[in-house]
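Structure first, commentary second.
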Amino acid sequence: MTSFRFPDDLIDLRRRQIRIYNELALRPAVGAAGLRRELIRLSCLISAHPYWAEHGWSMVGRVELVRAARGGPDGVRELVMHWNGEEFVVIGPEAPEAGP
């Protein structure tokens, strides 16, 4: 099995991407265009990072990068959007409690 050792800056980019995605999921009407532009920018930076040129791009590597972004004291997890039949509902580790 391949062992992945990602540089700190690549992990930081992925964590920033997850945080922006979560912000967009929680408040889709607040600054959505700017957040989407930032997601695209971060995606480009992650995809073009020198790590992939040296170690090769793979889906396994991308999945392991997400795992690395979740780990450690600064780790962050993605929120999940779920369709309940009427609307999208945000669920996940950082989702706010639903009100009455």
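Remember, it's a predicted structure, so these values are computed and weren't measured experimentally. Each residue takes its place number in the sequence, starting with 1.
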Side chain to side chain contact (heavy atoms under 4.5 Å, CB included) partners of Asp9, counting only residues at least two apart
Pro7, His49

Provide the full list of salt bridge (charged side-chain N to carboxylate O under 4.0 Å, His left out) pairs with a residue in residues 25-34, sequence neighbours left out, each pair given once.
Glu23-Arg27

Treat each ILVMFWY residue as a node, draw an edge where side-chain heavy atoms are under 4.5 Å apart, and state whether Ile11 and Trp57 are in one component.
yes

Return the set of residues passing salt bridge (Lys or Arg N to Asp or Glu O under 4.0 Å) with Arg37 (not counting sequence neighbours), or none when no residue passes.
none

Are Glu64 and Arg14 within salt-bridge range, i.e. N to O under 4.0 Å?
no

Give the minimum heavy-atom separation between Val90 and Ala25, together with the two atoms involved.
CG2-O, 3.4 Å

Taking salt bridge (Lys or Arg N to Asp or Glu O under 4.0 Å) as the definition, give me every residue that meets it alongside Arg15, ordered by chain and number, with sequence neighbours left out.
none

Tyr51-Leu13 co-clustered via ILVMFWY side chain contacts under 4.5 Å:
yes

To the nearest 0.5 Å, atom CG of Asp8 lies from atom CG of Asp74 at 10.0 Å

Pairing residues for Leu39 by the side chain to side chain contact (heavy atoms under 4.5 Å, CB included) criterion, not counting sequence neighbours
Gln17, Ile20, Tyr21, Leu24

Is it true that Val60 and Leu65 fall in one hydrophobic cluster, defined by side-chain heavy atoms closer than 4.5 Å?
yes

Measuring from Arg19:CZ to Glu38:CD, what's the distance to the nearest 0.5 Å?
12.5 Å

Does atom CG of Asn84 have more than 12 heavy-atom neighbours, drawn from other residues, nucleotides or ligands, at distances under 6.0 Å?
yes

Hey, could you give me the CG/CG distance between Leu35 and Asn22, rounded to the nearest 0.5 Å?
11.0 Å

Can you name the side chain to side chain contact (heavy atoms under 4.5 Å, CB included) partners of Val63, sequence neighbours left out?
Arg67

Please report the closest heavy-atom contact between Trp52 and Ile46, naming both atoms and the distance.
NE1-O, 2.7 Å

Gly61 and Phe6: which non-hydrogen atoms are nearest, and at how many Å?
O-CZ, 3.3 Å

